[in-house]
Amino acid sequence: MDRIENLLEDYVKNAFKDIYSADFNDNISAYIQKTRKEFEGDLTINIFNFLKYSKETPDITANKIGGYLTENSNGVIGKFNVIKGFLNLTISNNYWEDYINDFVQNSINKSDNNNNNKKNKVVIEFSSPNTNKPLHLGHIRNNLLGDSVAKILEKAGNEVVKVNLVNDRGIHICKSMLAWKLWGNGETPITSALKGDFLVGKYYIKFDSEYKKQIKELQDQGMDIETAKKEASLIKEAQNMLKKWEEGDNDVRKLWEMMNSWVYEGFNKTYNSLGIEFDNIYKESETYLKGKELVELGLKQNKFYKRDDGAIAVDLSADGLDEKVLLRSDGTSVYITQDLGTAVARHNEYNPDQMIYVVGNEQDYHFQILKLILNKKLEFSWAEYIYHLSYGMVELPEGKMKSREGTVVDADDLIEEMIQTAKQKTLELGKTEGFTEEEAEKLYKQIGLSALKYYILKVDPKKKILFNPAESIDFNGNTGPFIQYTYARINSLLGKGRAAYSYLNDENTSSNVKWNNKVIITEENSSNINKERELIKLVYDYPKILQEAAKEHSPALIANFVYELAKTFNQFYHEFPILKAEENIRNSRLTISISVGHLIKECMGMLGIDVPAKM
RNA sequence: GGCCCCGUAGUUCAAUGGAUAGAACGGAAGUUUCCUAAACUUUAAAUACAGGUUCGAUUCCUGUCGGGGCUACCA
């Protein structure tokens, strides 16, 4: 069905031509907005921008255009009013009714095959954990964001490849290895009854505290702090271990493999409970050599240079940046070395239209450099398509989380806590009557994770999140459980209304059942308080919201939308009888409910959130 | 020091340069013989400060104050 914005494109053009003999060549949709609730109308044209065509006052122009549109829009525009240069258009009920009927007939029961239009291929990297510590709340944001953006892009018609690049080597990994070797007494996840990633993390922290002690001792002996950091025997040992690792030393490699396997086991449990999956998991240990090769090649081509101390570096001063070391003087690689290599490898493997990296904004500088080196120094024009999805840090009331200092909100703990809280609240409300034990446990998990995921994803990715553990996460108001509850309500209505036509259950949506009810908007009054209209308008907004969310890489837009939808439905539910209305009205309202329920499920799905049939 | 980001109700979040700055939690007051009260209704409460651009600024520019990040042969 034609969208109003597209129709208006022509209508307005015609209006200016017929009334003012003016050649209208603005993009009208940029000046159309939703009419604010306190005014009558559905869409508003900001007429101020068009005075150059009319050469008349805003009020006169708006009135003339408004009058023309009501006469020449095939009945789409029912009436209009003008307030202070804003032309408020009321779209006819007919249009809305046709739209929602069309939506139910053609969108809901259709399987997701948006084939004919060519798809962009997007590779999105997220999670990218280090194998020296367990995942914490910051990683949760990263994982949820990456997973959700991937789903949004897919829904918006792109082909998406989710990849995880595990940072399983490097000096930081050697630190926990060394600490375990020195102080671990052979401890394993089994002997200690600790989850593998926690056990390794314990030694990462141990290293840091012992290292700090050494630095302090050296300082007490009169050494300055910078020298002390370099001279401490622990860091030297770790560096030596890294060198041995890169040389393939058997003992070091064996220790490394053992400890990493502990961590992977732990990570998999966490990914599982979050419902996160990848198409491809890369290990830095298997890709970092590509980076080294690339740097060597660049050196030969004089794009990089060797410093007197032996380190290989690149000069970025032409772009207002500093020199950047790409390979240490002992030949080992640094962080950016492997990122350069994997970017090239990934491009060669997938040849994507876009490469997205979901990484915190503390690494803005890193990605600026990465792109610059690839694009300008190595002359890979495709590097233009690298997009750093730079999200804000998750902070605690006392500041940033630091793994080394142990001031983190642990991912596993938080997830478990949310599930327990969900259980407690659900039992208080007596919502699990008639549930089997298994069903109830599933529900607690759905609700607890929903609260957590929605809480994280509703915030604009670019902004930092302040997480206060003491106040914890809500289950009422603008929350995941509220939206789930709305869905369950709708599901219950449909079950009672038309048990045979359970449109919202997966098993049944694929069937060829046709819903033949026509939606009728009741109560033709001042229209902008009619919840039926409001809901249909929200359903109408959805495709634009989805495109916008994909363009902005922002799950928050989906979250805000689905909340608005759920809230409006609850008002509708409260004010309008549905099952008790006379038959054609009842069926009409059930049809609206079907549409809303369908969209709630679809949106929540993009946020990685399950919706329960009953709660 | 240099570079970058951010300051919106008590708190956590909204608002392509547009109309009287929206929600939620918390506060105050209501709604269950009525389709699930994890709901609904009413109410008090905010753009850090000072300039500038504009018909119009929370949004753009400058400065001040406050917070955070980056500036490694850490990742």
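What's counted below: heavy atoms across the whole structure, side chains too, no hydrogens, waters or symmetry copies.
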Identified pairing partner of [N], criterion: Watson-Crick or G-U wobble below 3.5 Å:
| N | value |
| --- | --- |
| B:rU43 | B:rG27 |
| B:rA9 | none |
| B:rU16 | none |

Steps toward side chain to side chain donor-acceptor pair (under 3.5 Å) verdict (A:D26, A:Y53): CA-CA 10 Å; A:D26 278 70; A:Y53 299 114; 2.2 Å; yes

Before we go on, tell me: are the rings of A:F569 and A:F572 under 6.0 Å apart, centre to centre? yes

Say you pick atom C1' in B:rC13 and the same atom in B:rA19; how far apart are they, in whole Å?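 These two C1' atoms come out 24 Å apart once rounded.
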
Rounding to an integer number of angstrom, what distance separates B:rU12 and B:rG63 when you compare their C1' atoms?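 B:rU12 and B:rG63 have their C1' atoms separated by 31 Å.
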
With the six-membered base ring of B:rU71 as reference, does the ring of A:Y365 sit under 5.5 Å away with planes under 30° apart?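 So A:Y365 does not count as stacking on the base.
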
Can you tell me if A:F86 is stacked onto the base of B:rG18, using a 5.5 Å centroid cut-off and an angle below 30°? no

Check if the side chain of A:S492 and the base of B:rC35 share a donor-acceptor pair of N or O atoms closer than 3.5 Å. no

Side chains of A:N570 and A:T486: donor-acceptor distance under 3.5 Å anywhere? yes

Is any side-chain N or O of A:Q571 closer than 4.0 Å to OP1 or OP2 of B:rU41? yes

